[in-house]
Amino acid sequence: MKGRVVKLREAHKAGSPALCCASWGPSGQHVVTASAADTAVLIHDAATVLAGGRGSGSSPVVTIRLHKDGVTALAVAPGPSGSLASGSMDHSIKFYTFPEGEFQSNVARFTLPIRSLAFNRKGTLLAAAGDDDGIKLIATIDNTISKVLKGHKGSVTGLAFDPRNDYLASVDSIGTVIYWDLCIGAEARTLTRVAPTFRSDNSVRNILCWSPDGQTLAVPGLRKNVVLYDRDTGEEVCTLYGDHEQPVSCLCWSPNGRYLASAGLDRQVLIWDVKSRQDIERQKFDVRICSLAWKPNGNALLLIDVMGRVGIWESVIPSTMKSPNEGIPDLNSTKAPLFDDDDDDDDEDEEKPSTSGGLEDDMDETLSDSTPFSHKRPRRKSTFDRDSDNEDLTHQMESTKRMKDKHNKKEDAGKARGDSATSARLVTARMQAAFQPGSTPPQPGMRNFLAYNMLGSITTIENEGHSHVEVDFHDTGRGPRVPSMTDYFGFTMAAMNGSGSVFANQCKGDKNMSTLMYRPFGSWAGNSEWSMRFEGEEVKAVALGAGWVAAVTSLNFLRIFTEGGLQMHILSVSGPVVTAAGYEDQLAIVSHASDCLPSGDQVLDVKVFNISEGAQSMFGRLVLTPLSQLSWFGFSENGQLSSYDSKGILRVFSSQFSGSWLPLFSSLKARKSKDESHWVVGLDANNVFCILCKTPQSYPHVMPKPVLSILHLSFPLASSDLGANSLENEFLMRKLQLSQIQNKMEEMAALGLDTTTYDDEAFNMEAGLDQCILRLISICCSGDKLVRASELAKLLTLEKSMKGALTLVTRLKLPLLQEKFSSIIESFLFQERMLNNKIIAGTGRFCSNATIMTSTTVLTTQATLPSKFMQDGNSSLESSLPKPNLVNQQCSSTEPKNSAGEQGIEIKDSTGKVSSAFIPSTKVPKSSETKKHRNGASNSAVVDQNQEGDIDHTGAKKLSTEYCNRAEPQRPVNPFAKSSSSKEQSSSLLDSIKKMKVDKPNSRI
Amino acid sequence: MAGQSDPHLSIFSPSEVEFVAEDEIVEIVPNIRMDALNMICGDFGPFFPQIPTKVPLWLAVALKKRSKCTIRTPDWMTVDRLTQVLEAERESPREFQPLPFHYIEISKLLFDDARDDISDAYLVRSLIEDIRDVRFHKVETGLETISGRTHAVKLKNLSAMEVNIVRPFMVRTLQAFYKHDSPQMIQQADNTGSRATPVTDRGPRRDLRRR
C-alpha cells in the first residue's frame, strides 16, 4: 500500500450489494454511473467525483430516471459527439445524448433483463445481451437489429468489440467465451469454461476486454488470475497471476495496452504491467469493486463498488513508469507486438496491412518463407486465393496470405478465412494446393491429425519448437503399439498402413530441408527406419503401400522407395501434385492438368500405378462437382479408387463403360441437419465411414476421440414415378457390386488363379440382386408399369427367380406379362442349354448334376466312400431328382407334356441304373437338392442329349466321350477363361456350382 | 424370487433392481475388433474400432472395465437435457417427466465404471440427484393423498427404483384400507387370527388379487 487511499462517494443508494457500472465520457470530463439497485443513470463531472471524497455537497450534473427498474449496463459511444446507451432490468435499452443526457430513443426491447452493452470503436454498432439467448447487434444509425448471435448457454454478462472491428467477444455467466466473426455473423471460436462460473449470482459478472491494439483478449481466469487470449487463434498467450485471493471479476486495459487493472472478489484492485506480467500497484477496498474504467486521456482509474459508491484513483501508474497514455496504438499503422514471441511475428506477417503486391514482393516472400502453408496457421490451408497473378502453385499459399492482408480491412476478409475447403467461396478460382487425405489443418496448442484412416491415426502437436507425434491404431487389441516420437523436423504430412508410417515436412528456409522419413511398425532388423533429404525440392504428398513408399515433390518427381529405403524409381509426373494414395501395390496420384477453368473448376488428372509390376493401370480425368475441390482421395476397403470433393459428393471408380466415376454418396442428401458435414475416412462396398462435423467445424478434433458414423452408399437417383427409390438404389448397388466381383474373378482367371473364393460371393450377390429385382417387379406390376416389369424380368439371372416372377404375375392376374415372362424363361432355358452343351463339351472334368456320374472326380470319391452312404445316396437321389423335372414340366410350356413325362421316367431309369453301376456318392443328391433351380435346365439338357445320342445307360463313361466328340474341337486349357470371355455371367455361375460340387466332396474326405 | 423372502412383501433390493437395469441397451464405441457375440439375450456386434454399437449395459460395463470401449453417454444424460427435465419436474408438481425406466441405476453404473466417458460428470451427477430428490418428494406428497376411497393411483413415468420404494407401502396401505372397509375381511381376519401368522399374512393378499 502506498498510502494513497481512494475515497469513494455514494452515488447510488443500495441497500444490499448490487451490480453497478461506471464509464468515462469520451473526453474524460464526465463520468456516468448506474446501479442495478437504482433506476437512475447519473452523469457526473469528473472533477466533482474526484473531489467527492472531501466535499459532500456535489451533486450529479444530470440525473436520468427513465428506466422502471435497476440499470445494469451502460455504454458510451466513442467520438466527440458521443451518445450514451443504458440497459436495464426492465428489459429495455435507451439512448441518450451525451453529456446532456437527453433521452433520444428506445432502442430495443428484450424479453429478459439486459446484462451487458458495448459499442464498437466507431459507435456504429451496439451489441446488447443479457439473460435472453441471443446477442443483438443494433445499428445505431437507425436502431435496427442487424443480427442476433445465438450460441451462449448462460446469460451473457460481458461483451467487447475488437478494436479492429473483426470480432465481437462475449462471455457468459458459466464462463464460456465466444469470438463472433462480425463479417459472417457466426461463431469464430468458442472457449468453453474459461472464466469463473457465476450461475445465479447477479451481483457478480464475468466481463472481458480487448487490448487496445486488438491483439489480445483479457478474460478473468479460473484460478484467480487474468488470462490473455490471442486474437486470431484463441489460444492462451499468457496469464497474469498474482495476489488476487479470489477470482477476478472485473478488468480494464489502460488506453495504451501496457497496463491492466483488475478487481477481484477479494475486494482488491490490482494494476498489472502486462509486458512483465507483474502487478505494480494495488489497493484494497471495504466492499467489492464491480466496475473499472481507465480515463481515456489521463492517468486515472474510475471505480465503483457494489454499494454504489464511486471514486477516481488518481495517478495510478507511478510517475517513474511509462504513462498509460503513451503510445496508444494506432490501428491504421503497423502495430507494435505486445509479446515478442515467434507466434506474434507470424501474426504480424499476416496482419500487416498490405503494401503493393508487386512481383518483387512475391519473390521476396517466397524466398524468405517458402512453406506453402505454415504449420501454425490452420486457416490458410485450402482457402482460395483471389489474387489474379499467375504464379506457380508453390507460391500459391503465400499469395493467399498476401491477399488476405489486402482484404483484411474489407468486409469479406472474414469470409476468406473459411476454415476449410468446404467453406471456401470462389471468386476467382485457384489451383488447389497439395494435401494429404485424412489430415486436418494444424491448430496452435491443439493436436491435429496428420493422417486418419480406417486403420488408425497419426497426430501431432507442436510444443516449444519441436513436435510430438503419436501413432494410434483404432484397434487397440491388434495393432502394434507404436511409441510416440519427438519430431524435430516439424512433419506436416504423413501416411500410414498396417506395416509402417511415412512422414515428410516442407522446407522452411535453407536450413530446414524437406525430409522424408519412414518408420516401420515392426521389422526383423533393428533400427530399420530411414530418412531421405531433398535439396531444392520439397515433398508435397506421400503415400505408402505393400512394400513401397512414394513421395511426390515440388519438381513433379514421383520418387518410389522400397520399405527398406532403396530408391527404386524416380518418375516425372505430368503436373503439380494434389494428393496421393496407396493400397497394396497400387499407387494413385492426383495432379493438376492445367490451371483452373474460367468457371472455377479444378482440372485434375488421376493416374494409378502398379508398383510391383511397374505398370500404369489407369489414367484419366478426376471428376469433381462443379466449383468444388478434392477433399479426400483414397482406396476403399476392397481396393476401389474413390474421391470425395468439397461439395460432399463421393465417387467410386468403376470399370463400367470402360472406366467411369460413379457418384455414390452425397453429403448434402445424407445429412440430417443443415450444419452437419461429413469428413470421409474410408468406405467399403456398401457403406461410407465418416466423421460427422458440425459447422463451423468442418474437420474433427483429436480430442475427444472422433467416432465414425456409417452411412449407406446410394446413387443420386431421380425421384421416379415408381416411388421405390430405396429399392431402385439397392438394385443399382447390387448390380455394381456384382460387376465388381465378376471383374475381379475375370482378372484372377486371366492370371490363372483360383477364383473359387469369389464363387460363393458372386452367387450370393446374384441371388440378392434377383431378390431385389423380384420386389421391383412386384412394385412395377402394382404400379402398372408392365414394360418396366418385363425389362426387369430379363435381368434376372437365376432360373428359380424367373419362375418366381412368373408365379408372381400369375397371382397378380396379368396374362400379358405372364406370356412375356414365359417366353423370357424359354429363351433363357434355350441359352442355358446351348451353354451347357458347350461347357460339357469343353470341360470333361466339370460336369453338371446329371452328368456328374461321368465326372472323374466323383468317380474317385465314389471309390473311397464307405458303403453305408451308398444307400442314402440312392434313396435321396431318387426322391430328389424327379422333383425338378416336375417343375420343368410346369414351366416349359412349349414342350409337350408327354415327352416331359417320358423324360422324367427316363431320367429315373438312367439314374437308377447308373447308381447301380457306379455307386453314386452322397454328394450327388445333396448338391442337386441345393441347386434345384438349376436341375431343371441341366436335366432337360442331359435328357436331350441322351435321346439324341442314343446312349445306353450302362456306359456313362462313353457318354462323356461322346459329348466331347460331338462338340467343337477347340478345348480351352482353362475352363473359366473360356466361360468368362465367351458367355455372360450365367456361365460363370454354372461354373461356380459345378466347382462347388467338385470341391465339397474333396473337402469332406 | 429372492424378493419374496423379504419381510416387506415383494420388495427388490436396490442391487436386484440394478441387476435388472443392466439389460438396458447403451451405445459403446469399441476400440477393438471382435466378432459378434451370440448371447441368450440376443446377438451383439460385430465390433469394429471407433464405430458405435449398441450392447446391453452389463456388456458395456464389462468391456469398459477391460478398457476395450468407451461408453457413449445416453442422450438424456447430458447437462442440457437434465437441466430441462429438472426444471420441468419442479414446474409440474403433479406429473413426472419421461425418463428411462432405470435412469437411477443406469446413471449409477455409468458413474461407477465409466466416469471418464461422461462430460461434465460432476454436474450431471448433481443434476440427477436433484431430479431424483424432486421426484421422490413428489411421490411422497402424492402418497399422502391416498384415502380409503382410492381405488387406483395413476403414476405415469415412474421409474423402477421409485416404484420399488413405494411398492411395499402402497400395497400395505391398500390392503389396510381394504381390510378395514370389508366386513367379510374383518371376519376372516378374526377367524384366521388364531392360526399361524404366515397364513394371516397371505390371506388378504390373495383376496386382493382376486379382485
Side-chain angles (χ1 to χ4, degrees), chain A residues 131 133 150-155 172-176 192-193 197 199-200 222 438 449 451-457 459 471-481 496 498 637 672 679-684 686-692 700-712, chain B residues 26-37 44-55 59-60 62-75 77-87 90-91 110 114-127 129-130:
Chain A
D131 295 353
D133 67 339
K150 289 190 178 181
H152 274 293
K153 301 217 170 78
S155 64
D172 60 21
S173 57
I174 53 175
T176 303
T192 37
R193 309 266 145 87
T197 304
R199 221 159 233 297
S200 49
L222 295 168
F449 288 113
Y452 191 106
N453 57 25
M454 293 299 289
L455 206 64
S457 62
T459 58
V471 180
D472 294 298
F473 282 88
H474 298 320
D475 188 345
T476 52
R478 259 166 238 200
R481 206 149 283 176
M496 71 182 284
E637 294 290 280
K672 288 185 192 89
W679 194 81
V680 168
V681 175
L683 66 155
D684 64 11
N686 288 309
N687 304 302
V688 52
F689 302 95
C690 53
I691 297 169
L692 284 185
H701 287 300
V702 177
M703 290 304 292
K705 242 182 166 184
V707 168
L708 296 181
S709 351
I710 307 176
L711 294 161
H712 291 295
Chain B
V26 291
E27 208 172 29
I28 60 163
V29 182
N31 56 20
I32 46 152
R33 182 171 295 207
M34 191 162 65
D35 289 336
L37 298 169
F44 302 104
F47 302 92
F48 296 103
Q50 296 308 114
I51 295 176
T53 343
K54 289 199 162 101
V55 295
L59 183 56
L63 287 173
K64 176 73 194 173
K65 277 183 181 159
R66 288 160 182 77
S67 64
K68 298 277 186 253
C69 75
T70 52
I71 301 178
R72 295 187 96 181
T73 324
D75 291 342
M77 254 179 86
T78 55
V79 175
D80 289 353
R81 282 289 292 279
L82 289 174
T83 321
Q84 280 173 16
V85 168
L86 182 60
E87 269 168 27
R90 285 192 173 138
E91 273 163 21
L110 291 187
R115 204 182 165 78
D116 47 332
D117 294 342
I118 304 167
S119 54
D120 302 314
Y122 182 77
L123 202 57
V124 169
R125 176 165 226 167
S126 63
L127 276 169
E129 269 164 19
D130 286 354

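Proteins get letters first, then strands, A, B, ... in listed order; numbering begins at 1 in each.
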Hey, are the side chains of B/V79 and A/K153 touching, using non-hydrogen atoms and a 4.5 Å cut-off?
-> no

Heavy-atom side-chain contact between A/R193 and B/D120 under 4.5 Å |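 Yes; the side chains approach each other to less than 4.5 Å.
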
First locate atom CG of B/D117, then atom NZ of A/K705, and finally report the distance between them rounded to the nearest 0.5 Å.
->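 Rounded to the nearest 0.5 Å, the CG-NZ separation comes to 11.0 Å.
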
Give the minimum heavy-atom separation between B/P52 and A/L708, together with the two atoms involved.
->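 Residues B/P52 and A/L708, closest heavy atoms: CD-O, 3.0 Å.
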
Residue pair A/P706 / B/Q50: nearest heavy atoms and the distance that separates them = O-NE2, 2.8 Å

Can you list the residues that meet the ring-ring contact (aromatic ring centres under 6.0 Å, His included) rule with A/F449, with sequence neighbours excluded?
->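 ring-ring contact (aromatic ring centres under 6.0 Å, His included) list for A/F449, sorted by chain: A/Y452.
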
Can you tell which part of A/F689 gets under 4.5 Å to a heavy atom of chain B, answering side chain, backbone, both or neither?
-> side chain

Does the A/D475 side chain pair with the main chain of B/R33, one donor and one acceptor, at a distance under 3.5 Å?
-> yes

Within 6.0 angstrom of [X] [atom1], more than 12 heavy atoms from elsewhere:
X      : atom1 : answer
B/D80  : CG    : yes
B/K65  : NZ    : no
B/D116 : CG    : yes

Got a sec, which residues hit side-chain contact (heavy atoms from CB on, under 4.5 Å) with A/D472, two or more places apart in sequence or on another chain?
-> A/S457, A/E470

